[in-house]
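For reference, the structure is listed below as structure tokens.
Residue numbers start from 1 in every chain, and the chains themselves are labelled A, B, ... in the order their sequence lines are given, proteins ahead of strands. Keep in mind that the numbers below use all heavy atoms, side chains included, and drop hydrogens, waters and symmetry copies. The model shown is predicted, which means the values in this text are computed figures rather than measured ones.
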There are 2 protein chains.
Amino acid sequence: MPDRPDLAAMIVPLGRTLMAIELPILESHGLTMWAYGVLLGLEESPVRTQSALAQSIGADKTRIIPTLDDLQDRGFITRTPDPADRRARLLSLTPEGRKVRDTAQAAIHQREDELLSALSADDRRGFLRALQQLSDRENAAPPAPVPPRHSRG
Amino acid sequence: MPDRPDLAAMIVPLGRTLMAIELPILESHGLTMWAYGVLLGLEESPVRTQSALAQSIGADKTRIIPTLDDLQDRGFITRTPDPADRRARLLSLTPEGRKVRDTAQAAIHQREDELLSALSADDRRGFLRALQQLSDRENAAPPAPVPPRHSRG
DNA sequence: TATTGTTATACTCTATAACTATA
DNA sequence: TATAGTTATAGAGTATAACAATA
């Protein structure tokens, strides 16, 4: 018997739980998971192309288009053709977009903190530090394009 | 700007990476992700019903049937009608089943340890302790039946 | 009538391919 | 000809519904 369960066996269900926590909060702000992901993705570097944005948030470029349409319609993002290359679209957050994003994220973090409060201060610190390190390391590595859940034999 | 990224934003991609690490290892042992999950699920309490097993590993009862068929054909599990209630099937690992499971798991843990070796001893300890605590807490809570990735608005 | 296991069907999500427009 | 964006289609993966056997 191993000294610990597989990491994936612990982390994947935990990820699902965290998403289950996020979903109702996002819905209450009129956001889908992908819409929220887009708002987060635009925060870091204000303008980009849709493909780059899609890749940075682990999505297919075709997949986020309805989301972008919706966010634009609701005034949360702007999407203007790049004068220098009119094929590309310059994306950025509007103040309203930033506001929903921040409000939703604050609510999410609050719920997450409740979850983390079950841990000792030391463990919580180690957990968050480790998570951020592993996460950074990921973003440096090849951005694995959403592998299939499993393959049939 | 928040003091940390959303937990889900860090954990979900990490989970995907861990699954991507597992997949080729499992394939090399002729196991799918669900097959491995079944072998793991049978370890803890040797005999059960298929529904209970499915629920305990976060699967739908209809989803694991082809997997059970395959594992049985290959002699990794036994599936016999319960004499006390012939509707139910008693499931258990065979020695061969336990062997593939242990071999695969050892290989997986080895790769995971490489990943964890990027962390300081303190962070690694905190990370694993926190993970196990949160994981235990999960198994006590309602076993969220695989929520949809996101809902369309 | 309710439950276990099973099969068949429908639905959701995702990726691939094909099209338009710019370059 | 190549690339950004878009649309339409096809493919996985999943859950729901319907069925047979047993209780």
Toward the 5' end of DNA chain C, by each residue's nearest nucleotide, A:Asp60 or A:Asp82
A:Asp60
Provide, to the nearest angstrom, the distance between the CD atom belonging to B:Gln55 and the P atom belonging to D:dT14.
17 Å
List the residues meeting ring-ring contact (aromatic ring centres under 6.0 Å, His included) with B:Phe127, not counting sequence neighbours, and say none if there are none.
A:Phe127
Set of side chain to side chain contact (heavy atoms under 4.5 Å, CB included) partners for B:Thr80, sequence neighbours left out:
B:Leu90
Value in whole Å for how far the P atom of C:dT6 lies from CG of B:Asp70:
14 Å
Residue set satisfying side chain to side chain contact (heavy atoms under 4.5 Å, CB included) with B:Ser28, at least two apart, ordered chain then number -> none
Thinking salt bridges, do A:Arg74 and A:Asp70 make one under a 4.0 Å N-O criterion?
yes
Please list each protein N or O that sits under 3.5 Å from an N or O in nucleotides 2-5 of chain D, with the distance.
residue : atom : partner : partner atom : Å
D:dT3   : O2   : A:Arg87 : NH1          : 3.0
D:dG5   : OP1  : A:Gln50 : N            : 2.9
D:dG5   : OP1  : A:Arg89 : N            : 3.2
D:dG5   : OP2  : A:Gln50 : N            : 3.2
D:dG5   : OP2  : A:Ser51 : N            : 2.9
D:dG5   : OP2  : A:Ser51 : OG           : 2.9
D:dG5   : N7   : A:Lys61 : NZ           : 3.3

Check the phosphate of C:dA15 against A:Arg63, side-chain N and O only, distance under 4.0 Å to OP1 or OP2. Yes or no?
yes
Specify the separation, in whole Å, of atom CZ of B:Arg86 and atom C1' of C:dT3.
15 Å
For A:Arg79, enumerate each residue passing the side chain to side chain contact (heavy atoms under 4.5 Å, CB included) test, keeping only those at least two apart in sequence or located in another chain.
A:Gln50, A:Leu68, A:Asp69, A:Gln72, A:Arg89, A:Leu91
Partners meeting side chain to side chain donor-acceptor pair (under 3.5 Å) with B:Thr103 (sequence neighbours left out):
none
Using atom CD1 of A:Ile64 as one end and atom C1' of C:dA15 as the other, report the distance to the nearest whole Å.
14 Å
